**Q** 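Below are the structure tokens for one structure; questions will follow.
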Amino acid sequence: MASSDVKPKSVSHAKKWSEEIENLYRFQHAGYRDEIEYKQVKQVSMVDRWPETGYVKKLQRRDNTFYYYNRQRECDDKEVHKVKIYAY
């Protein structure tokens, strides 16, 4: 499969919070770079999201343990700079 060979070309750190950063924070908290890597590893086509906000609702870690996330923001301002943004 060619899609499983997708690797990021560059990486940068987030400067300020946004909805995209919130979701990246949740993927990285669960041990993945982003949604692309999660879908490749877990072989899923969709990610569970909160309908009201669009934030990630539930992720399965590599050891098959689940993380459940709230509807509201979970990435505090002090954590934003730790989020990595990958470019493909």
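All values below were derived from every heavy atom in this structure, side-chain atoms included, with hydrogens, water molecules and symmetry-related copies excluded. As the structure is a computational prediction, the values presented were derived from the model and not from experiment.
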**Q** Please round to the nearest 0.5 Å and tell me the distance separating atom NZ of K42 and atom CZ of R61.
**A**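 Spacing of NZ (K42) from CZ (R61) equals 10.0 Å.
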
**Q** Nearest 0.5 Å, please: how far is CG in D34 from CD in Q40?
**A**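 The CG atom of D34 is 8.5 Å from CD of Q40, to the nearest 0.5 Å.
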
**Q** Quick test of your reading of the model: are K16 and E22 salt-bridged, counting only N-O distances below 4.0 Å?
**A**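 No salt bridge links K16 with E22.
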
**Q** Ignoring hydrogens, what is the shortest heavy-atom contact between V11 and Y86? Give both atom names and the distance.
**A**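 For V11 and Y86, the tightest heavy-atom pair comes out as CG2-CE2, 3.7 Å.
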
**Q** Rounded to the nearest 0.5 Å, how far apart are CD1 of I21 and NZ of K82?
**A**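 Those atoms lie 15.0 Å apart.
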
**Q** Any donor-acceptor pair under 3.5 Å linking the side chain of D63 with the backbone of T65?
**A**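 Yes.
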
**Q** Which heavy atom of R73 sits nearest a heavy atom of C75, and at what distance?
**A**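 R73 and C75 have their closest heavy atoms at NE-O, 2.7 Å.
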
**Q** For residues H13 and H81, report the shortest heavy-atom separation together with the two atoms involved.
**A**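 That would be ND1-O, 3.1 Å.
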
**Q** So do L59 and Y69 actually touch side chain to side chain, heavy atoms under 4.5 Å?
**A**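 The answer is yes; the side chains approach within 4.5 Å.
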
**Q** Can you see whether N23 engages E19 through a side-chain donor-acceptor pair at a distance of less than 3.5 angstrom?
**A**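 Note: N23 and E19 side chains miss the donor-acceptor criterion.
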
**Q** Are I36 and V44 connected into the same hydrophobic cluster when the rule is that any two of I, L, V, M, F, W, Y join if their side-chain heavy atoms are below 4.5 Å apart?
**A**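 No; I36 is not reachable from V44 via cluster members.
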
**Q** Which residue in the set R26, E74, R71, Q72 passes side chain to side chain contact (heavy atoms under 4.5 Å, CB included) when paired with Y55?
**A**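 It is R26, the one option of R26, E74, R71, Q72 that forms the side chain to side chain contact (heavy atoms under 4.5 Å, CB included) with Y55.
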
**Q** Looking at CH2 of W50 and CG of N70, how far apart are the two atoms once the value is rounded to the nearest 0.5 Å?
**A**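 If we round to the nearest 0.5 Å, W50:CH2 and N70:CG are 7.5 Å apart.
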
**Q** Below 4.0 angstrom, N of the basic side chain to O of the carboxylate: do K57 and D48 qualify?
**A**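 Salt bridge absent between K57 and D48.
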
**Q** Is the gap between the ring centers of Y32 and F27 under 6.0 Å?
**A**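 Aromatic pair excluded; centres sit 6.0 Å or further apart.
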
**Q** Mind checking whether Y67 and H29 have side chains closer than 4.5 Å, heavy atoms only?
**A**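 In contact.
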
**Q** Do E35 and R49 meet the salt-bridge criterion of a basic N to acidic O distance under 4.0 Å?
**A**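 The answer is yes: the pair qualifies as a salt bridge.
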
**Q** May I ask you to test the R33-Y38 pair for a side-chain heavy-atom distance under 4.5 Å?
**A**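 Heavy-atom side-chain distance check fails, nothing below 4.5 Å.
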
**Q** Any side-chain heavy atom of V83 within less than 4.5 Å of one from Q28?
**A**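 Side chain of V83 against side chain of Q28, heavy atoms only: contact under 4.5 Å found.
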
**Q** Please round to the nearest 0.5 Å and tell me the distance separating atom NZ of K58 and atom CZ of F66.
**A**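 Going from NZ on K58 over to CZ on F66, the span is 5.0 Å.
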
**Q** Taking it one step at a time, do L24 and K84 satisfy side chain to side chain contact (heavy atoms under 4.5 Å, CB included)?
**A** CA-CA 8 Å; L24 284 172; K84 295 177 181 175; over 6 Å; no

